[in-house]
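To keep things clear, I will list the structure first and then write my remarks on it.
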Amino acid sequence: MIAAVACSFVSFRLSGLLLAAVPAAMGLLRLTGGEWAATVRNRGRAFDATLLLCTAALLALLTVTVPD
């Protein structure tokens, strides 16, 4: 997330894609299970992963569709 802020001065698109990588990585971590998965107990892993990956896709789509 800090890298996205640092890149925002250089390129809006690069910053947006780095920002979209954060929820994508969280979604992939949620799919893998392990200790991080034990912290969330009220929802299924598939629901959380789908929500985070869709959020990442929407952020990336918004980044590429905003005109320069």
Side-chain angles (χ1 to χ4, degrees):
M1 210 134 145
I2 295 170
V5 173
C7 289
S8 67
F9 298 109
V10 177
S11 170
F12 170 77
R13 295 198 193 279
L14 179 62
S15 174
L17 292 175
L18 282 174
L19 188 62
V22 173
M26 288 175 57
L28 292 176
L29 280 175
R30 182 69 172 128
L31 279 177
T32 59
E35 300 219 1
W36 189 77
T39 60
V40 180
R41 297 175 192 251
N42 59 347
R43 293 183 307 265
R45 288 188 332 192
F47 175 78
D48 282 346
T50 303
L51 185 68
L52 287 166
L53 291 173
C54 286
T55 301
L58 287 174
L59 278 172
L61 182 67
L62 181 66
T63 299
V64 268
T65 57
V66 170
D68 288 336

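These values consider heavy atoms only, across backbone and side chains, with no hydrogens, waters or symmetry-generated copies.
- Closest of all the heavy-atom pairs between P23 and L52 is O-CB, 3.5 Å.
- Listed for the S15 side chain is no donor-acceptor partner under 3.5 Å among the backbone atoms of S11.
- Counting all heavy atoms, side chain and backbone alike, T63 lies closest to F12 at O-CE2, 4.0 Å.
- Considering all non-hydrogen atoms of both residues, L19 and L59 come closest at O-CD1, 4.3 Å.
- Here T32 contributes atom OG1 and R45 contributes atom CZ; the two are 7.5 Å apart, rounded to the nearest 0.5 Å.
- Looking at every heavy atom in both residues, L18 comes nearest to A4 through CB-CB, 4.0 Å.
- L58 contributes atom CG, which lies 10.0 Å from atom OG1 of T65 (distance to the nearest 0.5 angstrom).
- Within the 3.5 Å criterion, the main-chain N or O of T50 finds no donor-acceptor partner in the side chain of R30.
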